Amino acid sequence: SGRLHMGHVRNYSLGDVVARFKRARGFNVLHPMGWDAFGLPAENAAMERGVDPRGWTYDNIARMRSELKELGLSIDWSREFATCDVEYYGKQQAWFLDLMKTGLVYRRESTVNWDPVDQTVLAIEQVVDGRGWRSGAVVEKRKLNQWFLRITDYADQLLDDLSTLDRWPDKVRLMQENWIGRSKGARFSFQFSGAAPAGHEAGLPVYTTRPDTLYGASFVGIAPDHPLAEQLASDPRVAAFIAECRKGGASEAEIETAEKIGFDTGLTVTHPFDPDWKLPVWIANFILMDYGTGAIFGCPAHDQRDLDFANKYKLPVKPVVLPPGEDPAAFTVSAEAYVGPGTIFNSQFLNGLEIEPAKLAAIERLESQGQGEGATVFRLRDWGVARQRGWGCPIPVVHCAKCGVVALPKSALPVKLPDDMDFSKPGNALARHPTWKDTTCPDCGGAATRETDTLDTFVDSSWYFARFTDTAADAPIDKAAADYWLPVDQYVGGIEHAVLHLLYARFVTKALADQGVLSVREPFAGLFTQGMVTHETYRRQNGEWIEPRSVEITADGNNRRGVLIETGEQIVIGDVEKMAKSKKNTVTPDEIFDVYGVDAARLFVLSDSPPERDTQWSASGVEGAWRFVNRVWNEFDSQPPGPAPAASADPKADELRAFTHRTIKGVTDAVESFRFNSGIARMYEFLNKLKEFPAEGATAPVLAARHEALSAFARLISPFTPHLAEEAWARIGGEGMVVSAPWPDFDPALTQDAVRILPVQVNGKRRGEISVAAGAEPADVEKIVLDDPEIARRLEGLTIRKVIVVKDRIVNIVAG
RNA sequence: GCGGGCGUGGCGGAACUGGUAGACGCACCGGACUUAAAAUCCGUAGGGCCGCAAGGCCCGUGCCGGUUCGACUCCGGCCGCCCGCACCA
C-alpha cells in the first residue's frame, strides 16, 4: 500500500520482540522481510493515476522499507525480496512446471466465481458472503477454462496433520478443519426405472452420510445445474424452473429466507433395496452441484431440509430411526426432523440396529449389489489459481494450435512480464499486449500463443518462507538451507488468513516436500494471531466523521466529553473500531514517531492489551509509554558511570537484588509465553521500585545492587525499546552493544523473600496476616498463628475444628 | 442453525496448575514545585455502612445453583456480547 499503519507497527513489533529475545537467549535467528507485491492495488493505481505498476510498487517498497527501518526491527535486510522480482517469480514458474509434471496442475472448464469489479476469477476461499474478498462486489458465476492446483489430493493430510500443529491457536485449526470438511458416508447410483435419459444409463449417483435411513427415502433430488437437469431443460418448463432457481442470490440473508422449491421431472428411479419401490426425481433449488455428486436421496423424517421440501410437495414422511423409549407404532415426524440417536425400524434387514452399525450394514449391501461403496467427501475444492490480470506471475505455458497446451521447458524461464503493458482500462493488460503473447511452440516449433493468465498472488505467498532460507539459490529452494531453518518456528499474522494463506502454504509445502525439494511437511510450527489496532471514533452532530487530531477530549470525573478544537462544537464519542480511513479514526506511525519516538510507540502497542486481543490506541496511552521511556533514562542517567563498587552486606541492597531477580524471572516467563503486556507491567513495577533506591546518597552496596539492576534492566527492555536500551547500556558501561548481549539470568534463590507474609483466614475470610520464615513447616506455622493475639481475638468463642496451612501461601482456620 | 471464544473498577487489563481479587497503565481526585500554567514529583482511590480518629463491618469477578477449609479459576443451568461457517445431503 505504500504506507505503514499501526497494525504493521504492532505486528512487526511482536515479531521483533520474539526475534531479539531468542537471539539474546543464544539462538541463531532468521528474521526476514519481504514484499507481497503483485496484485490489484498496483493495477488500480496504474489505472487511476496512469503510473507504471512496477515503478509504483518499487517506490512504495522503498518508502515502507525506510519506515520499517525507522521502527528499529532486527531484520536481516540482505535477504529482502519482492514477489514481483523476476528472480523470485521465475523460480516460482520453475516449481510450478514441476508440479505440472506430477499432475497436480490441471486445466478444465468450470463454473467460476467472477468478480465483476476486479474483472477476475476468485477462488472459493476468496468469496466472502457472496462477495469478492477485496472488491466487495457480488460475484457472478461464469464458465471458463481455468487452471487448478489439486489441493484436494492433500485433503486428508491437510486435515490429519492439523493435530501436529500444537503451537497453533485452536481457533485456526478448527476453521481449517471445518473448511476442509471431511464427511464419511456412501456413494451409490439409483437405476432409472423406465428408460434412462441418454448418457445416464449407468444410473444417477448420489452421496449420503446417512445410508442407514435409506428405507425412509421418499424422493431423489438433483441440483438445478446438474447435467441431467440441464439436459432436461430442452423442456421449456424445466428451463423456466432452472432460471427461477438462479435468481436467488448467494448472500446470507437470501439463503436464510429462500424457500425450497422443486420441479418433478416425471422420471423415477428404483430403490436400491426394493426393485418394486419407485422414487420420483425432482430438481430442487437447495441441492448444491459442487458438493458430493450434486444429487441426493431425500429422507424427510431425518433431515430438516428434506422435511421442509416434502411437506411443501406432499411427499411421504416415513420415520426409520426410533428415538430411545418411543413407541414404534405411535412415533411420527411432522414439523421437525429427528436427527438424534435411536434404533432403526421400518427398515427390513436394518431393523433393530443402532445408527452406526446400520450405516455399515447398508454400505455392505450396496457394495455386494455392485451399486455403490463407502465414500469420503470433502467440502474443500481444488484451488483455482489463474487470474486474468497483468500484474502477476505469468503461467509458464503456451497454447499451440497443433500440440495444444504445452508446458515450457525450464530453459525458457523466466517468462518475464513485458515492461510496457497498458493499464489504462479494466481487464487483462497482459492479454491485450500487442506482441508479448506471440511465441513459438517448444514442441513443434510452430507459432504459438503464451498463456496470458497469471497466478493468484496467494501462490506467491505460499512458499516465500522457503526462499528466505537462501535467496540466491539457483533452484527455487536450496534444500540444505531449508532443512536447516524450516519449519518457521514462530509465525505472526492476522486471523484473516486462517483458511486462505495458511491453508495454501501448508498445501504447497506438502506438494514440494513430495517433490523432494523440502523435508518439512508443515511450514509453520508456531502460529500467533495478533489482534487489531483500534481507536475511538468521533463524529460531529451532523454525523460527519472527524479525525482524532481535530478533537480535544476532557474528563469530568468519570464522564468524558469531546469538542472540535476549531469550533468548540461538542462532538459525539462513538464506538471503538478498527482503524480505517473511512471512519477517520486512524493515527499514522510517522506522526507518532515524530512526537513520542519509535520506542514509545512500540512499547505502547505491546503494553496495553494481550497480543492476541485488539488493542485500543489512545493519545494518553502512548504518552504513558513515553513517560516510562523518559523515567528509564533518568534512572540510568543518575547512576554514577563506571564499574559497580565492590559489594558488601547491606539489607537494603539485598532487597533490591531480590526484586531485580524476581523481575528478570517475571519478564522472561511473560515473554516466553507471549504475555508481553504482563512483561511490560513487571518492568513498570521494577522502575517504580528502583526509585526507592536513589543513586544519590546511596551506600556502596546499594550502588552495586543498582548497577546490577540497571545492567539487567537494559537487557530486559531491549526487545521492546531497542534504541533506549542501547543508550542505557552504553551509559552504564555495558560491554559491546546490548543487541548482542546475553539475556540476563536470575538466581532462583534470590527470587524468594526470606520472610513470607501469609494471610490468615478464618472460615475462608481474610482476618489478618503473620510473618514467617520462607519454607516454614505447617506445624510451626500453625503454632505461630494460634499464638498470635490478634488471631486469638478473632477466634474468641469459637471452637477450632481444623487448621489448613499451605506452605508459603496461606493459613485457613475452620472454626465454629 | 452448526462450531468456537469471551463476560473482573470509570477504561485497557492482572491474578502461574483453586490459596491476600483489582498488579501495571490510562483517566479522575488531592498535594508539592511555580507569580501562574505546562512538565515533573508525591499521595488517595472496587462499592456500601459505622466511627472524631485509629480502625471495624458487610457486599463484590454477568446471573442462579453445586463441589471445596477456600472458587475469577472446577462442575451444572441460564443471560449477554463477539468471531467463523452456513441449504455440505
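What you see is a predicted model; the values in this text were computed from it and never measured. In the text below, chain A, chain B and the rest are named by the order of the sequence lines, each starting its count at 1.
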Using a heavy-atom cut-off of 4.0 Å across all strands, would you classify A:Asn763 as base, sugar-phosphate, or nothing? nothing
Base, sugar-phosphate alone, or nothing: which one does A:Gln761 contact when heavy atoms must sit under 4.0 Å apart? base
Output yes when A:Asp303 and A:Arg210 qualify as a salt bridge under the 4.0 Å nitrogen-oxygen rule, no when they do not. no
Quiz item: cation-pi between A:Lys689 and A:Phe659, 6.0 Å / 45°: yes
Under 4.0 angstrom between A:Lys691 side-chain N/O and B:C42 OP1 or OP2: yes
Quote, to the nearest angstrom, the P distance that separates B:U61 from B:A54. 28 Å
Using the benzene-type ring in the case of Trp, are the ring centres of A:Tyr207 and A:Phe188 under 6.0 Å apart? no
Would you classify B:G84 as syn or anti? Syn applies when the glycosidic angle is within 90° of 0. anti
Side chain of A:Arg627 (C-beta onward), nearest among B:G19, B:C85, B:C26: B:C26
Going 5' to 3' along nucleotides 5-13 of chain B, which nucleotides have protein heavy atoms under 4.0 Å from the base (write B), which only from the sugar-phosphate (write S), and which from neither (write -)? -----B-SS
Select one nucleotide: of B:C85, B:A89, B:G70, the one nearest the side-chain heavy atoms of A:Asn812. B:G70
Counting only N and O atoms by type, is there a donor-acceptor contact under 3.5 Å from the side chain of A:Asn630 to the main-chain atoms of A:Trp626? yes
Centroid-to-centroid, A:Trp383 to A:Tyr504, below 6.0 Å? yes
Look through every strand shown and name the nucleotide pairing with B:G1 as Watson-Crick or G-U wobble, where both distances are under 3.5 Å. B:C85
Counting the atoms with a prime plus P, OP1 and OP2 as sugar-phosphate, which does A:Tyr207 contact under 4.0 Å by heavy atoms, base, sugar-phosphate, or nothing? base
Nucleotide paired to B:A38 in any strand shown, Watson-Crick or G-U, under 3.5 Å: none
Using a heavy-atom cut-off of under 4.0 Å over every strand shown, decide if A:Ile813 touches base, sugar-phosphate, or nothing. nothing
Minimum heavy-atom distance A:Ile151-A:Arg381, with the two atoms named: CG2-O, 3.2 Å
Under 4.0 Å from OP1 or OP2 of B:G25: is there any side-chain N or O of A:Tyr684 that close? no
Given B:A86, B:A89, B:U20, the nucleotide with the shortest approach to the side chain of A:Trp179: B:A86
Reckon A:Lys689 touches a base, only the sugar-phosphate, or nothing at all at heavy-atom distances under 4.0 Å? nothing
Ignoring the backbone of A:Lys171, work out which of B:A27, B:A15, B:C83 is nearest its side chain. B:C83
Tell me what A:Arg182 touches on the nucleic acid: a base, only sugar-phosphate, or nothing, going by heavy atoms under 4.0 Å. nothing
Assigned partner base of B:C6, Watson-Crick or wobble definition, under 3.5 Å: B:G80
Mind running salt bridge (Lys or Arg N to Asp or Glu O under 4.0 Å) on A:Glu536 and A:Arg560 for me, showing each step along the way? CA-CA 12 Å; A:Glu536 269 183 337; A:Arg560 297 171 69 244; 2.7 Å; yes
Strictly below 4.0 Å: does A:Lys765 bring a side-chain N or O up to OP1 or OP2 of B:G19? no
At 4.0 Å (heavy atoms only), tell me whether A:Leu174 reaches a base, stays on the sugar-phosphate, or touches nothing. sugar-phosphate
Most 5' of A:Asn688 and A:Thr293 on RNA chain B, judged by nearest nucleotide: A:Asn688
Kindly point out which of B:A27, B:C87, B:A14 is positioned nearest to the side chain of A:Ser620? B:A27
Which nucleotide, if any, forms a Watson-Crick or G-U wobble pair with B:G51, using both distances under 3.5 Å? none
I'd like to know if the side chain of A:Thr663 reaches the main chain of A:Phe686, judged simply by a donor and an acceptor atom lying under 3.5 Å from each other, with no hydrogens or angles considered. no
Reckon A:Arg560 touches a base, only the sugar-phosphate, or nothing at all at heavy-atom distances under 4.0 Å? nothing
Which nucleotide in the list B:A89, B:G84, B:C41 gets nearest to the side chain of A:Arg631? B:C41
If every non-hydrogen atom of A:Ile363 is compared with every non-hydrogen atom of A:Pro211, which pair is closest and at what distance? CG1-CG, 4.0 Å
When the C1' atoms of B:G62 and B:C6 are compared, how many Å lie between them, rounded to an integer? 11 Å
Base, sugar-phosphate or nothing for A:Gly292? Non-hydrogen atoms, less than 4.0 Å. nothing
Taking any heavy-atom pair under 4.0 Å as a contact, classify A:Val806: base, sugar-phosphate, or nothing. base
Against the side chain of A:Lys260, the closest entry in B:A86, B:C87, B:U40 is B:C87
